[in-house]
Amino acid sequence: MDFKSRLIHAGLDRDPFTGAAGVPLYLASTFDQRKALSPGYDYTRSGNPTREALERAIADLEGGAAGLAFASGLAAISTILLIFNPGDHLVVSEDVYGGSFRVLTKVFQRWGLGVSFVDAADARAVENALTPATRGLFVESPSNPLLKIADLSFIAGLAKERRLLSIVDNTFATPCLQRPLELGFDVVVHSATKFLNGHSDILAGLAAVRDKELAEKLLYLQNAIGAVLGVQDSWLLLRGLKTLAVRMEASQAGAACLALKLAARPEVKRVYYPGLEGHPGKDIHDRQASGPGAIVSFELESEELTRHFLSRVRLPLVSVSLGGVESILSHPATMSHASMSPEERTERGISPALLRLSVGLENPEDLWADFEQAWRLDAIEPHAS
Ligand SMILES: Cc1ncc(COP(=O)(O)O)c(C=O)c1O
């Protein structure tokens with residue numbers, strides 16, 4: 001079936017017990033085990049029919065053997081990292097999401113997991129960072145916030161050759177545009193808070209895994225840690241997921257239009273968007289994904305102009321997060337990547353004048369008109385002495 005049809009019918013498209021359109025909210029923490037409607041349910045941390053419908057849906061959409069739903073993207077990432085043992089070493093994209101960087105460097109390193117951060121867009125750098133203790137590779141493509149492209153087939157192949165666990169954060173592309181398990185990855189993880197839910201009203205994490213044995217290990221950890229997604233949020237996410245393809249198409253069209261306009265403006269020093277000719281790794285992205293996505297990052301010509309722009313722009317939320325029906329403009333240096341030191345940010349090319357725009361469903365012409373009024377230099381207030 002086409003992906004759009006799978007979005008509607010993936011996993012469970014109706015309640016197996018009543019035939020209701022959509023799986024209802026099974027608001028129960030516990031299930032009578034003598035009269036269980038279906039074998040397997042005892043306690044919601046270990047399994048719940050609403051959450052299970054969502055888990056089946058993400059497994060189907062990513063082409064995995066199993067899916068798992070977590071309380072947040074970071075709960076999903078942290079649970080996956082618990083597969084490793086103290087003393088193991090991981091190679092991770094250097095511009096991985098700031099929260100992933102924080103949990104790796106402030107929690108898992110303390111616990112004994114070694115980490116090397118590399119530019120995953122440089123395939124040889126990934127290979128050169130491997131040590132005898134390396135047990136896994138964790139990458140994002142396109143990455144956050146510079147939309148760097150990693151060659152996913154190469155990385156999955158390298159992992160297979162060296163018997164490493166390959167993990168990819170697919171939050172930016174979603175399975176609508178890119179399905180890393182089909183390229184050979186072992187685990188795909190999402191902040192489902194973003195495009196998959198699409199309405200900026202819940203926090204959620206989803207993962208899908210290629211093989212059943214690994215799925216069993218992760219299900220064990222998910223239950224042991226208890227980082228499961230609540231039933232109401234599972235239901236909302238199931239609902240949001242159904243419109244993923246139409247939302248993604250519209251947001252992507254808006255992003256492509258705005259990226260071109262931004263690239264032509266003198267106030268804009270640089271635009272990062274995998275749909276633009278000359279974007280590093282565009283050819284690789286075109287091979288592994290079916291579209292450039294709905295996130296555009298751009299650097300304004302000065303930090304002062306950036307502050308001015310952020311204070312005057314009206315239509316997008318000026319906020320963290322992305323992937324909602326509303327556009328969201330972020331300032332990575334003070335928001336998503338604030339947990340990095342200024343030196344670490346500079347090393348990664350995240351300047352104080354960098355902005356990341358998640359394009360929502362507004363008419364892009366309205367967003368553009370707003371941008372034009374927001375960066376008018378003649379409106380800059382003279383500095384008070
Ligand atoms: C690429 C990426 N991965 C993971 C996360 C963490 O997800 P959550 O905020 O749902 O815990 C985020 C959040 O912004 C993200 O952008």
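Positions are given from 1 along the sequence. Whatever order the structure lists ligands and atoms in, that order sets their numbers, starting from 1. Predicted model, so just to flag it, every value in this text is computed and none were measured.
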Checking heavy atoms under 4.0 Å, the part of A204 that sits near ligand 1 is backbone
S191 to ligand 1: N or O pair under 3.5 Å? yes
Can an N or O of G73 be found at a distance shorter than 3.5 Å from an N or O of ligand 1? yes
Quick one: does ligand 1 sit under 4.0 Å from the side chain of H190, the backbone, both or neither, non-hydrogen atoms only? neither
Give yes or no for whether the N/O distance cutoff of 3.5 Å, strictly under, is met between S100 and ligand 1. no
Quick check on contacts: which atoms of ligand 1 are under 4.0 angstrom from a heavy atom of T171? 1 (C), 2 (C), 3 (N)
Looking only at the aromatic ring of each residue, does the gap between the centers of F195 and F172 stay below 6.0 angstrom? no
Cluster link I58 to L236, ILVMFWY, side chain under 4.5 Å: yes
Residue, atom name and distance, where the atom is the protein heavy atom closest to atom 10 (O) of ligand 1: T193 OG1, 2.7 Å
Return yes when atom CD of E161 has more than 12 non-hydrogen atoms of other residues, nucleotides or ligands closer than 6.0 Å, and no otherwise. yes
Begin with the C-alpha distance, continue with both residues' side-chain angles, and end with the deciding distance and a verdict on ring-ring contact (aromatic ring centres under 6.0 Å, His included) for Y26 and Y41. CA-CA 11 Å; Y26 282 94; Y41 300 113; 7.8 Å; no
Which of the numbered atoms in ligand 1 are under 4.0 angstrom from any heavy atom belonging to N144? 16 (O)
Row check, F117 ring normal vs R348 NZ/CZ: under 6.0 Å, within 45°: yes
For D169, the atoms of ligand 1 under 4.0 Å from one of its heavy atoms are 1 (C), 2 (C), 3 (N), 4 (C)
Counting heavy atoms only, which of F70, Y97, F172 comes nearest to atom 5 (C) of ligand 1? Y97
Are I295 and V320 connected into the same hydrophobic cluster when the rule is that any two of I, L, V, M, F, W, Y join if their side-chain heavy atoms are below 4.5 Å apart? no
Nearest protein heavy-atom contact for atom 12 (C) of ligand 1: which residue, which atom, what distance? K194 NZ, 3.3 Å
May I ask you to check if ligand 1 and L74 share an N or O to N or O distance below 3.5 Å? yes
So does Q232 have more than 12 non-hydrogen atoms from other groups sitting under 6.0 Å from CD? no
Would you kindly confirm whether F138 and V107 end up in one hydrophobic cluster when ILVMFWY residues are joined by side chain heavy atoms under 4.5 Å apart? yes
